[in-house]
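Since the structure comes first, as structure tokens, the remarks are kept for the end.
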Amino acid sequence: MGILERAAQRAEAAELYDELREGVAVHFHGGEIEAAGSEAIRGRALRVIASGKLGFASTAGGSDEALVKSALAAAAHGDPAPFAFAASQDGKAVPVLDPQVSAITVENLIAWGEEAVRAIRDEFPDLVVNASLARGTADVSVRTTAGGERRERRSYVSMSLDAEHIREGDIWAVYAGRSVRRVADLDRAALLDEMLRYLRWGREIATPPAGTPPILFAPSGFPVLLLPLMVGSSGLSVFLGTSPLKGRLGEAAFDPRLSITDVGTLPFGPRSRTFDDEGLSTGRLPLVEGGVLRNFYYDLRAAALAKAEPTGNGMKGGPMGTGGFRVPPGPASRNIVVTPGEGSLDDLIAEMKDGLIVVGTLGLGQGNIQSGAFSNNVGVGFAVKGGKVVGRVKNTMIAGNAYEVLKDGIRAIGATPEWVFGGLHVPPVLAQGVSVVVR
Amino acid sequence: MEEKLREAVAKSRADYTEARWEQVTRSRVMFQRDQLLALESGEEQGGIVRCLVKGAWGIAVFTDPSDLPRKVEEATRLAHTASGHVADPVELAPVEPVEAHHAGEMQRDPRGVPLEEKRRLAQRYNEMILGHAPEIVSTSVRYTDAWRRAIYANSEGAYVEQGVPDVTLMLAAVARKNGDIQQGFESMGWAAGFEAVQGKEEEALKAAKRAVDLLSAKPVKGGHYTVILDPDLAGVFIHEAFGHICEADFLLKNEPMRKVMRVGTRFGVQSLNVVDDGYIPGARGNSPYDDEGVPRRKAYLIKNGILSGLMHSRATAHKTKMEPTGNARAVSWEHEPIVRMRNTYIEPGKSSLDEMLAGIEHGLYACAAFGGQTMFEQFTFSAAYGHEISNGRIGPMVRDVVLTGNVFQTLNNIETIGQDFKLEGSSGGCGKGGQWPLPTTTGAPHVRIRDVTVGGR
């Protein structure tokens with residue numbers, strides 16, 4: 001007897017999430033390979049609705065019976081489930097599997113890592129270079145007693161580089177990474193170019209203007225402004241009243257040039273998938289269109305509570321989370337795509353004249369993120385003078401309110417988006433109204 | 001599984017082999033506002049094999065116990081592949097193999113506490129916060145417990161079996177007035193049983209009151225201040241800003257930084273002592289034996305203001321010709337051990353808070369931590385709230401307090417160390433190298449530091 005049938009004998013409804021992750025990874029430390037590893041991890045999670053109440057349990061390696069018993073025990077003391085599990089759904093399959101990924105060998109990963117290390121060291125022999133490369137697949141299925149039955153295999157390839165400049169009293173590090181689903185999308189040359197560009201810019205140390213100079217957020221710096229909005233667009237935050245966006249759908253809450261879409265169906269997008277972790281088809285959800293707040297995203301529960309339509313955003317793990325079988329699904333974004341504007345990074349640098357480029361920050365997501373307030377140390381940033389990069393900055397902090405900057409502080413949105421933080425496809429943005437404190 | 005583990009590592013053809021098998025039982029209750037968002041339990045088991053071949057590691061992670069012998073071969077093969085590319089081979093400092101059993105101490109085993117009782121406890125705290133004031137619009141109350149039973153064997157004959165309890169409680173309030181949203185929270189964790197999370201009503205009220213108070217607090221003005229860190233924040237500071245660079249793996253392939261972090265170098269005032277300790281009864285960062293089977297050692301990082309030691313795994317100890325300290329920890333069976341902190345704290349000094357306040361004309365009292373992050377010597381951490389200090393007195397509350405700076409300069413700028421002391425295991429955990437959240441404890445007295453950069457508008 002299958003686990004769903006077993007659960008159905010003692011509960012009105014059940015949902016089984018099953019995941020098998022298999023892959024290999026290599027790690028370079030100080031320019032050298034240090035370890036090669038493999039993983040084969042299977043985990044399962046069961047949600048039940050028994051006597052109208054919701055229960056959840058998860059396991060790796062445990063028996064079917066134990067999992068059913070744990071979920072029922074949780075339901076016995078749970079609250080009424082405001083929603084039903086997904087029924088059978090039609091949906092076009094989103095391409096998320098590249099069969100060639102499995103053909104990548106550990107030797108390939110080592111060779112790619114060595115190649116990148118060599119290229120960085122040729123130009124910067126004194127840097128400590130670390131790298132991680134991985135490839136693998138996840139087999140995910142979601143089945144429900146309501147007839148929902150989804151399964152797919154998703155592939156991934158990832159590569160990250162980290163170069164550290166270390167001198168007494170002067171240490172800094174540049175990081176760049178990509179996580180993609182298709183071998184062809186892993187542009188190792190572009191990744192390396194990005195690293196080398198920042199390393200070259202950082203040969204000199206410079207002081208940025210203090211006060212409120214123009215700030216150019218590189219794609220990897222843009223999340224400082226985006227993260228509060230991603231959290232605030234969660235239908236659950238809105239329902240609970242912790243989002244400042246509550247009650248503002250349809251309002252021109254942002255700069256008219258700003259459009260942000262949450263997309264699950266982008267072919268081979270890093271967080272793309274045919275169905276979410278509750279078995280609902282993913283789709284395309286405009287969050288902000290031409291500055292107007294359009295939608296919030298929901299999982300089944302938040303949608304039921306808020307009397308809204310679920311959007312296929314039921315994901316294991318939080319807004320920036322990577323998920324896993326252990327946690328129940330909650331509302332989280334898929335790929336966040338910011339519509340590009342005009343102008344290359346160089347154009348924007350020329351336009352800003354005197355200012356600060358923010359490539360990476362420390363303390364991202366700390367602080368009172370709900371309110372939009374941010375205050376971050378600029379880990380990787382560059383001073384611009386007369387439209388030219390003059391060097392990297394040290395001991396520099398930026399502070400402001402993301403909602404205010406996205407409404408009144410945008411000067412230009414660039415034309416050249418990049419994938420950052422796994423699932424954000426964002427262009428550079430030139431902003432004002434951010435204060436800069438330099439030591 | 002014990003016999004299988006011993007047999008598998010003994011049979012391995014790699015230069016060195018270790019295997020760890022874990023069984024974890026956990027539960028979680030979470031409320032937000034009036035919603036029960038989680039009431040759940042989980043059980044999992046999984047293992048990891050690590051082999052050393054000609055100075056390179058091979059690692060295999062798995063969940064099917066019958067895979068163990070195959071995984072030893074797989075890890076050996078991976079190590080062999082990697083070893084062809086190694087110029088600076090990994091070697092392990094010698095340790096006496098131990099045969100040890102350690103049962104975690106607790107009064108009330110959470111596995112025996114009905115989910116219903118856990119729910120009632122969290123619900124009570126949640127209702128206290130929600131009912132505290134009309135400005136409170138939401139909450140986040142989270143209870144977690146986990147029992148981790150790990151068995152470990154290596155090819156040198158070590159065998160360790162230990163049980164590690166972990167309970168946490170997060171009590172957070174969200175207050176809203178007009179468009180403004182503020183949070184107050186108390187975050188707690190212990191290596192103990194259910195008894196540790198009971199009776200925290202006062203903390204719930206503190207969180208609620210703080211959220212409301214922050215609504216009328218002004219954002220701090222950015223600039224440079226003499227700052228007094230409260231024990232919570234001072235503990236986070238020493239962990240984030242200093243602890244991480246004392247993790248010796250960071251120095252392993254890093255000649256320039258090794259020169260900076262030379263034992264014997266003065267880093268601060270005479271009264272500054274910093275410790276990483278593997279065992280304090282009930283402390284969340286406890287690790288009686290690490291995940292390389294090495295017994296704990298109390299590591300003095302700074303003694304009388306002078307760098308006196310680092311935290312080590314066997315590999316970093318070999319490289320730096322030091323003794324292993326028992327700091328090789330893995331967050332779970334999915335990961336290999338890396339150098340991590342345990343219970344890290346600043347020892348108390350001699351000054352009272354009043355003495356520390358005296359003479360500060362215009363300063364800042366920074367309290368509790370939202371979080372912290374470091375990039376080597378650069379650190380940033382967010383205080384949950386602060387107060388102005390003027391003419392030696394603690395004044396009105398301020399918010400959005402973010403401190404940043406260079407750790408070496410900041411340690412040097414420590415002026416006085418308080419006589420009080422607080423040890424805090426948070427409900428979160430430490431993250432490093434993709435391994436998160438590892439239970440750790442931070443501790444400190446009040447600490448006064450001059451010339452600290454505070455971000456703000």
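Just so we're on the same page: letters track the sequence lines, and every chain starts at 1.
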Worksheet item: Where on B:A82 is there a heavy atom nearer than 4.5 Å to chain A: the side chain, the backbone, both, or neither?
Response: both

Practice prompt. Under 4.5 Å heavy-atom distance to chain B, tell me which part of A:L236 shows up: side chain, backbone, both or neither.
Written response: side chain

Discussion item. Under a 4.5 Å cutoff for heavy-atom pairs, which residue among B:I181, B:V29, B:T81 has the most contacts with chain A?
Written reply: B:I181

Worksheet item: Looking at A:G360, A:S371, A:G241, which makes the most heavy-atom pairs under 4.5 Å with chain B?
Response: A:G241

Item to complete: Using a strict 4.0 Å threshold on nitrogen-to-oxygen distance, state whether B:E334 and A:R326 make a salt bridge.
Response: yes

Item to complete: Name the member of A:E114, A:E107, A:Q370, A:R44 that forms the most heavy-atom pairs with chain B at distances under 4.5 Å.
Response: A:E114

Discussion item. Between B:E116 (side chain only) and A:H77 (backbone N and O only), is there a donor and an acceptor less than 3.5 Å apart?
Written reply: no

Discussion item. Is B:A87 in contact with chain A via its backbone, its side chain, both, or neither, using a 4.5 Å heavy-atom distance?
Written reply: both

Practice prompt. Using non-hydrogen atoms and a 4.5 Å limit, figure out which bit of A:S132 sits close to chain B: side chain, backbone, both or neither.
Written response: neither

Discussion item. If you apply the rule side chain to side chain contact (heavy atoms under 4.5 Å, CB included), what do you find for B:W333 with A:I41, and how did you get there?
Written reply: CA-CA 10 Å; B:W333 51 269; A:I41 296 173; 3.7 Å; yes

Discussion item. Heavy-atom cut-off 4.5 Å, strictly under: side chain, backbone, both or neither for B:Q409 against chain A?
Written reply: side chain

Worksheet item: Which bit of A:V129 comes within less than 4.5 Å of chain B, counting heavy atoms only: side chain, backbone, both or neither?
Response: neither

Discussion item. Side chain to side chain contact (heavy atoms under 4.5 Å, CB included), that's the test. Do A:E32 and B:V86 meet it? Break it down for me.
Written reply: CA-CA 6 Å; A:E32 267 193 56; B:V86 161; 3.8 Å; yes

Discussion item. At a 4.5 Å cut-off on heavy atoms, which part of A:Y403 comes close to chain B: side chain, backbone, both, or neither?
Written reply: neither

Worksheet item: Between OG of B:S382 and CG of A:N376, what distance do you get to the nearest 0.5 Å?
Response: 7.5 Å

Worksheet item: Has B:H85 got more than 12 heavy atoms of other residues, nucleotides or ligands less than 6.0 Å from its NE2?
Response: yes

Fill in: Part of B:D64 lying under 4.5 Å from any heavy atom of chain A
neither

Item to complete: Using the side chain to side chain contact (heavy atoms under 4.5 Å, CB included) rule, take A:R301 and B:L37 through it: C-alpha gap first, then chi angles, then the decisive distance, then the call.
Response: CA-CA 9 Å; A:R301 183 213 307 255; B:L37 286 188; 3.7 Å; yes

Worksheet item: What part of A:I110 is in contact with chain B, defined as an atom under 4.5 angstrom from a non-hydrogen atom: side chain, backbone, both or neither?
Response: side chain

Worksheet item: Under the 3.5 angstrom rule, does the side chain of B:R28 hit a backbone N or O of A:V327 as a donor-acceptor pair?
Response: no

Worksheet, complete the sentence: When the 4.5 angstrom heavy-atom criterion is applied to A:R47 and chain B, the contacting part is neither

Worksheet item: How many angstroms lie between CD1 in B:I338 and NE2 in A:H29, if you round to the nearest 0.5 Å?
Response: 10.5 Å

Fill in: Proximity breakdown for B:Q23 and chain A, heavy-atom pairs closer than 4.5 Å
neither

Worksheet, complete the sentence: side-chain contact (heavy atoms from CB on, under 4.5 Å) with A:S375: of B:T404, B:V402, B:D400, only one passes, and it is B:V402

Discussion item. For A:L54, which atoms come within 4.5 Å of any heavy atom of chain B: side chain, backbone, both, or neither?
Written reply: neither

Discussion item. Checking A:N368 against B:R399 for the side chain to side chain contact (heavy atoms under 4.5 Å, CB included) test, could you report, in this order, the C-alpha distance in whole Å, the side-chain angles of both residues, the deciding distance, and whether it holds?
Written reply: CA-CA 9 Å; A:N368 187 5; B:R399 58 180 169 86; 5.8 Å; no

Worksheet entry | Top contributor to chain A interface from B:V174, B:L36, B:V49 [non-hydrogen pairs under 4.5 Å] | B:L36

Worksheet item: Is there a donor-acceptor contact under 3.5 Å from the side chain of A:S38 to the main chain of B:A60?
Response: no

Item to complete: Report the distance from atom CG of A:L362 to atom CD of B:Q378, rounding to the nearest 0.5 Å.
Response: 7.0 Å

Worksheet, complete the sentence: CD of A:E34 to CG of B:L252, rounded to nearest 0.5 Å, is 6.5 Å

Worksheet item: Using a cut-off of under 4.5 Å for heavy-atom pairs, which of B:V90, B:N406, B:T453 has the most such pairs with chain A?
Response: B:T453

Worksheet item: chain B: which of A:V128, A:I171, A:L67 shares the most heavy-atom pairs with it under 4.5 Å?
Response: A:I171

Discussion item. Using a 6.0 Å distance limit plus a 45 degree cone around the ring axis, check whether B:R33 lies over the aromatic ring of A:F239.
Written reply: yes

Worksheet item: If you measure from CZ on A:R42 to CD on B:E44, what distance do you get to the nearest 0.5 Å?
Response: 14.5 Å

Practice prompt. Find the one option among A:T212, A:D79, A:N395 whose heavy-atom pairs under 4.5 Å with chain B are most numerous.
Written response: A:D79

Response to the item:
Given A:G30, A:A71, A:G37, A:A60, the one with more heavy-atom pairs under 4.5 angstrom with chain B than any other is A:A60

